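This structure is a prediction, so every number in the text was calculated from the model and none was measured. We number each residue from 1, following the sequence as shown.
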Amino acid sequence: RLCSSASRSSSSAGVGRSDTCTSRNLRCGAVEGSRVASVLVVDLVGSTERLVALGDDEGNRDQVGVLDAFSAAITEAGGRVIKDMGDGVLAVFDSVRQAVVAAVELQRATIGLPAVGDQPPRARVGVSVGEVGIRGDDLVGLPVVEAARLGGAAAAGQILVSDVVLALGRLEVAARSVGTLELKGLPEPVAASEVQWAPVTSRPPLPSGLVGTGLPFSGLVDALAALD
């Protein structure tokens with residue numbers, strides 16, 4: 001680890017950046033290498049209102065539960081959490097397919113969180129892909145900024161991805177173009193789409209005759225044997 005966690009802060013663009021370096025480490029700003037990766041940024045909408053409504057102690061416990069739910073959905077989809085950002089998470093994936101699967105599962109996990117007052121929990125997610133720089137255990141680069149800005153442009157419960165994500169992944173998901181978005185800090189507008197998703201509904205129970213180790217078809221074995 002090149003930078004101590006104490007020397008990091010989250011910028012408004014969602015990019016981890018070290019503003020100060022410890023005396024033991026003069027390379028806090030050095031980029032060690034780069035790789036092509038899919039980047040996801042998720043944050044909980046209305047997190048401040050939740051904290052105020054719950055109070056400090058319970059609100060902090062609630063925040064830990066939210067981040068745990070986010071981390072679990074990301075890990076199960078094959079991603080890696082780079083860092084939490086208070087009310088959200090920055091994550092990286094080897095493939096765009098994994099990132100989009102995680103985005104959907106994050107939304108499903110969020111609606112399973114406890115509501116506070118009359119406000120149901122909602123998340124917004126942004127996904128981008130491209131070459132990212134590796135700085136210690138942090139990521140930097142335009143895809144990180146783009147994912148954060150897409151997440152910031154999303155409405156509650158919405159997933160926004162760059163159209164490059166859809167093209168590279170050849171994903172079998174329902175998506176709706178939202179056109180080109182002017183995103184703060186990026187040199188050009190980004191063509192983006194909304195990935196549509198739905199909550200997982202519980203399946204109806206099987207008929208009682210189909211539950212158990214066998215099926216109630218008397219005489220079937222004998223009938224099959226007679227055909228031999």
Undergrad: First locate atom CZ of R149, then atom CG of L186, and finally report the distance between them rounded to the nearest 0.5 Å.
TA: 7.5 Å

Undergrad: Could you measure the distance from the OG atom of S162 to the CG atom of L168? Nearest 0.5 Å is fine.
TA: 8.0 Å

Undergrad: Looking at D163 and S193, what are the two nearest heavy atoms and their distance?
TA: OD1-OG, 2.7 Å

Undergrad: Check L106 against L40 and note the closest heavy-atom contact, atom names and distance.
TA: CD1-CD2, 3.6 Å

Undergrad: How close do F93 and A77 get, heavy atom to heavy atom, and via which atoms?
TA: CE2-CB, 4.3 Å

Undergrad: May I ask you to test the D94-R35 pair for a side-chain heavy-atom distance under 4.5 Å?
TA: yes

Undergrad: Given side chains that start at C-beta, do those of V42 and T110 come closer than 4.5 Å, heavy atoms only?
TA: no

Undergrad: Name every donor-acceptor pair, under 3.5 Å, that has one atom in a side chain of residues 123-134 and the other anywhere in the protein, sequence neighbours excluded.
TA:
residue	atom	partner	partner atom	Å
R124	NE	D43	OD1	3.0
R124	NE	D43	OD2	3.1
R124	NH1	G152	O	3.4
S128	OG	E146	OE2	2.5
E131	OE2	S34	OG	2.7

Undergrad: Please collect all side-chain hydrogen bond (donor to acceptor under 3.5 Å, both in side chains) contacts where either partner lies in residues 54-81, sequence neighbours excluded, each pair once.
TA: R50-D62

Undergrad: Walk me through it: do L150 and V161 pass the test side-chain contact (heavy atoms from CB on, under 4.5 Å)?
TA: CA-CA 7 Å; L150 286 168; V161 304; 5.6 Å; no

Undergrad: Report the C-alpha separation of I111 and R122 in whole Å, then their side-chain angles, then the decisive distance to 0.1 Å, and conclude whether the side-chain contact (heavy atoms from CB on, under 4.5 Å) test is met.
TA: CA-CA 6 Å; I111 62 175; R122 291 290 184 267; 3.5 Å; yes

Undergrad: Is D137 close to I82 at the side-chain level, that is, under 4.5 Å between some pair of heavy atoms?
TA: no

Undergrad: Hydrophobic clusters join Ile, Leu, Val, Met, Phe, Trp and Tyr when side-chain heavy atoms are under 4.5 Å apart, directly or via other members; which others share one with V52?
TA: none

Undergrad: Once you round to the nearest 0.5 Å, how far does CG of L181 lie from CG of L160?
TA: 6.5 Å

Undergrad: Atom CD of E188 and atom CG of L183: how far apart are they, to the nearest 0.5 Å?
TA: 12.0 Å

Undergrad: Taking all heavy atoms of V41 and all of M85, pick out the closest pair and write down the distance.
TA: CG1-CE, 3.8 Å

